[in-house]
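Let me begin by presenting the structure, written as structure tokens, before commenting on it.
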Amino acid sequence: MTTRRPVAVLFGGRSLEHDVSVVSGLQILHAVDPELFAPMPVYIDQAMRWWVGEDLWHTEAFKGGGPDRSRLTEVTLSAGFGTSSLVPIGALPAALGTGGPIPVDVFIPVLHGTFGEDGCLQGLLELGGCAFVGCGVAASAIGMSKRLTKILAAQAGVPIVPWVSCERAVLDRGSDWLTALPAQVEASLSWPVIVKPCNLGSSAGVSTARSPEELTAGVLRVFEYDVEALIEPFITNRLELNVAVAGLDEAVASVSEMPVTAKASILSFSEKYKRQGRKSIGSSEGMAGALRVLDPDDLPIEMRADAQRYAKTVFKALGCEGISRIDFLIDVDTNTLFFNEINTLPGSLAFYLWSAAPHYWTITELLTRLIERAERLRAMKRGLQRKPPPELRLLS
Amino acid sequence: MPEFWPWMPIVTAAQAFLIWRRVLGYLRYFQQEGYEHLRFLRWANVRSLTDPAFWLAIVTAFLFLWAPTSALVLFVTGAVVLGAGQPDPRRSGKVLLKLTWRAIRVLTVAMVFALSAWIIVTSLYADAGLRAPLIAAAVVFAFLPLVLIAANLALAPYEGAVQRSYEAEAVVRVAEVHPFIVGITGSYGKSSTKAMLAHILQFDGPTLAASGSINTLMGITRHIREDLVVGHRYMVVEMGAFKTGSIRRLCQLTPPSAGLVTAVGDMHLERFGSLEEIVRAKSELAQAIPPGGWLVANADSKGALQIAKGATHCRVLLYGETSTEDLATRLENISFSKQGTSFVLRTKERTYECFTPLLGRPIILNLAGAFTLANALGVDPEIAIAAMRTLKPVSNRLEVVEERGVTWIRDAYNSNQIGFRAALEVVAAIPAARRFLATPGVIELGSTQFDVNRALSREASLVCDNTLIVADTNREAFAAGHRDEGREARLVPVTNRTEAFRWLRETLKDGDAIILENDLPDLYERTAGVFWKADSAS
């Protein structure tokens with residue numbers, strides 16, 4: 001019998017999506033194959049302190065004021081490249097038995113948003129020479145910026161919605177932007193517009209604007225959350241379509257899903273695409289309260305195929321790993337598909353998209369493949385030449 | 001007769017366990033009351049005499065006379081059951097006990113005191129044998145809140161030294177960072193004005209303002225040590241006056257470069273004695289502003305105006321709506337809707353059409369004050385106006401929530417008559433099929449309580465189709481008020497919150513609007529949950 005390799009699932013974090021991360025993290029934790037791996041929860045609290053302990057297996061522990069720290073052990077990532085372990089720090093609980101470093105074979109970051117999904121945490125793991133599931137520093141960081149992702153996607157030939165961007169630095173340069181920005185928006189887009197933070201994944205700070213006043217207010221609202229606002233035309237009659245891509249030996253696209261949280265999207269869906277008498281709305285797995293249609297077969301088949309193709313293109317353009325979810329918008333009036341944004345660490349790792357045809361992968365199978373790929377990548381990176389050529393050897 | 005051994009250690013263990021649980025339970029409220037003895041005592045009142053632990057000790061002490069062994073068995077099992085059945089304040093309840101170092105110090109000393117007291121009283125009744133620890137237990141449980149106070153008193157010199165060193169650290173930090181400090185004081189509206197001003201200033205430069213209503217020396221000290229960093233340009237500080245001299249002390253910690261005085265009224269009259277004394281206490285902020293600095297004051301409030309007139313060394317700007325003074329900013333044309341408030345701000349130079357999602361006349365007036373100050377500090381008025389659109393209502397402060405066609409105006413955190421009237425004005429202004437009010441009235445007004453509630457009831461009867469008066473504290477006053485207007489039929493007395501909600505669920509229909517006024521869930525929860533699990537009522 002081989003020993004089970006320790007796998008640390010990291011969740012929590014300092015972003016607005018802390019709670020979503022806890023829910024996702026626990027789902028992943030329970031889905032790791034216990035025959036092959038020894039999964040371990042690692043909770044990163046809002047102060048970015050890392051904790052381990054048995055309580056972290058249960059959702060109940062996170063209700064109210066968060067887990068009882070006195071029953072947990074605070075740990076930190078070990079110093080030294082390639083040591084890949086969690087070292088208990090200070091305090092009493094460590095002295096009571098869980099003393100030494102806890103070796104970790106592979107880390108699975110399940111943190112959303114700032115510091116967790118944007119390359120910061122990934123950078124820390126890279127510095128430690130650790131194997132981890134998911135995107136590396138560059139893909140995470142680019143994926144966090146909607147503007148940079150759009151530029152790369154457009155460059156790869158994927159259709160995107162035009163945009164105007166406004167940086168917080170305008171506030172340092174007087175109030176001219178209060179008239180200049182609406183003028184620019186009127187020149188290149190048309191009302192209404194949607195105003196959203198460039199670097200945040202959730203709906204926080206998002207608003208629609210129908211007038212210059214609402215636009216500037218919307219931009220200020222974004223500046224409460226982010227340093228850059230993105231302004232796009234608001235497609236009134238629109239649908240959303242999401243596709244997940246898994247980075248296995250090659251990028252594999254999942255079936256598409258259509259989130260139908262808003263009443264309006266249900267209406268436009270049935271008006272435009274839904275054939276009579278069919279019933280495909282109503283599955284509600286994964287994220288709480290979200291209604292979605294998996295592989296909405298009322299949509300034209302070419303559109304679904306396009307989405308899958310574009311999703312893989314964006315995934316590859318950014319150099320993603322692990323599972324990303326690529327979100328599209330459909331302008332129902334013109335029947336066109338636009339790339340909207342990428343989530344390099346989607347909620348629940350979008351596992352619900354793989355359990356249907358054509359893949360029928362369980363999240364457990366998928367995680368095993370991703371963990372093993374992370375291990376291979378680590379070994380591959382360790383094997384990269386590190387011996388400096390003669391001209392760089394200055395001190396010997 | 002049971003033997004002293006092995007019973008004594010068993011009883012001791014059970015007693016120590018139950019004391020530990022109870023001290024933890026009380027400590028949560030002691031911490032919530034900021035370790036202030038009087039406030040804690042006012043909460044504790046005779047609560048310890050309702051503690052089943054106290055009665056367990058009394059009953060077993062008597063039972064001992066007839067059946068000593070059963071009494072001891074009952075005491076030990078009872079102690080374990082009560083101790084284990086008590087909710088853990090670190091994990092359950094609305095406001096959790098946070099085991100800070102200070103809390104641990106109080107906890108430890110209180111445990112030592114409580115156990116010592118128990119042992120001393122036990123030895124005083126040594127003749128009674130094993131009955132003595134039971135009598136002693138009753139005494140200890142009866143006086144347990146006092147034991148916490150004693151522990152806190154014993155620690156006072158130490159805590160004082162710690163606090164002074166923290167304060168010194170904070171003073172150094174403020175000097176290093178050197179933010180432009182704006183002090184805000186007034187009898188009400190301080191916290192919301194602070195939040196609104198900070199919201200506007202943040203778009204001009206990094207701004208620090210404590211969330212909630214931190215306004216004491218200790219609170220601000222901690223806030224500075226934790227959150228003030230080099231790079232902050234503005235710091236907005238709420239300054240509460242508990243007595244003459246307390247604002248002066250705060251101004252030494254955070255010397256203001258500008259000040260804002262919201263309404264000054266007789267809200268804490270009993271604490272100060274007279275309105276003059278309140279004005280004197282609040283004018284310490286004006287005195288701390290350097291010569292040539294800005295002082296912004298609410299001219300609609302007599303007290304605030306008096307402070308402004310007394311401040312001859314600084315540049316004074318007045319704001320208001322009804323005042324006949326020469327105003328820097330005049331508030332005009334207020335109109336409320338479910339979405340928020342539209343209004344006009346008229347300055348000496350021009351007028352601004354404004355909109356904010358916030359509701360309530362006093363709030364909008366203070367927003368005018370924040371605007372005036374931001375303007376004086378050089379913030380672009382257009383940016384300030386745009387920022388007003390993005391203000392978010394604070395939960396339960398005139399917060400509008402639409403639920404299945406019914407408009408809920410949640411104003412549970414308000415507890416004064418001015419806010420009460422503001423809520424009535426809002427509900428009267430918004431379109432609704434029928435209007436309702438659910439409230440226990442306002443409390444802690446001393447001798448005027450009846451008259452104030454009667455007047456509020458009169459006004460409510462003119463606006464609302466039905467008023468639910470919750471609990472019996474102000475029922476008579478509300479009945480009188482409705483009678484004055486000949487609208488007794490509109491008053492619905494209910495015994496508690498749950499009943500009020502049941503009535504509302506059955507009555508409310510599409511298009512109705514309802515105000516929940518001064519209906520703090522905490523008020524109800526605070527009575528339960530100390531000794532046993534509170535009902536999980538909604």
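Since the model is a prediction, treat every value here as computed from it, not as a measurement. Throughout, a chain's letter reflects where its sequence line sits, starting with A, and its residues are numbered from 1.
A salt bridge links B:K392 to A:E224: at least one charged side-chain nitrogen sits closer than 4.0 Å to a carboxylate oxygen. Under 4.0 Å is where a charged nitrogen must lie from a carboxylate oxygen, and between A:E232 and A:K146 no such pair does. A salt bridge links B:D204 with B:R233: at least one charged nitrogen is closer than 4.0 Å to a carboxylate oxygen.
Annotation: cation-pi pair B:R225/B:Y166 present, NZ/CZ under 6.0 Å from the ring centroid and within 45° of its normal. With B:Y352 as the aromatic partner, B:R346 does not meet the cation-pi criteria of under 6.0 angstrom to the ring centre and within 45 degrees of the ring axis.
In terms of heavy-atom pairs under 4.5 Å with chain B, the best-connected choice from A:E213, A:R221, A:K63 is A:R221. Interface summary for chain B: among A:V219, A:D68, A:D172, the most heavy-atom pairs under 4.5 angstrom belong to A:D68. In terms of non-hydrogen atom pairs under 4.5 Å with chain A, the most contact-rich of B:R90, B:H199, B:K98 is B:H199.
When the heavy atoms of residues 176-194 of chain A are compared with those of chain B, the residues falling under 4.5 Å are A:W177, A:L178, listed by number.
Of the listed residues (B:T372, B:N375, B:T347), just one forms a side-chain hydrogen bond (donor to acceptor under 3.5 Å, both in side chains) with B:T329, and that residue is B:T372.
Classified by interplanar angle (parallel below 30°, tilted 30° to 60°, perpendicular above 60°), the ring pair A:F11/A:Y43 is tilted.
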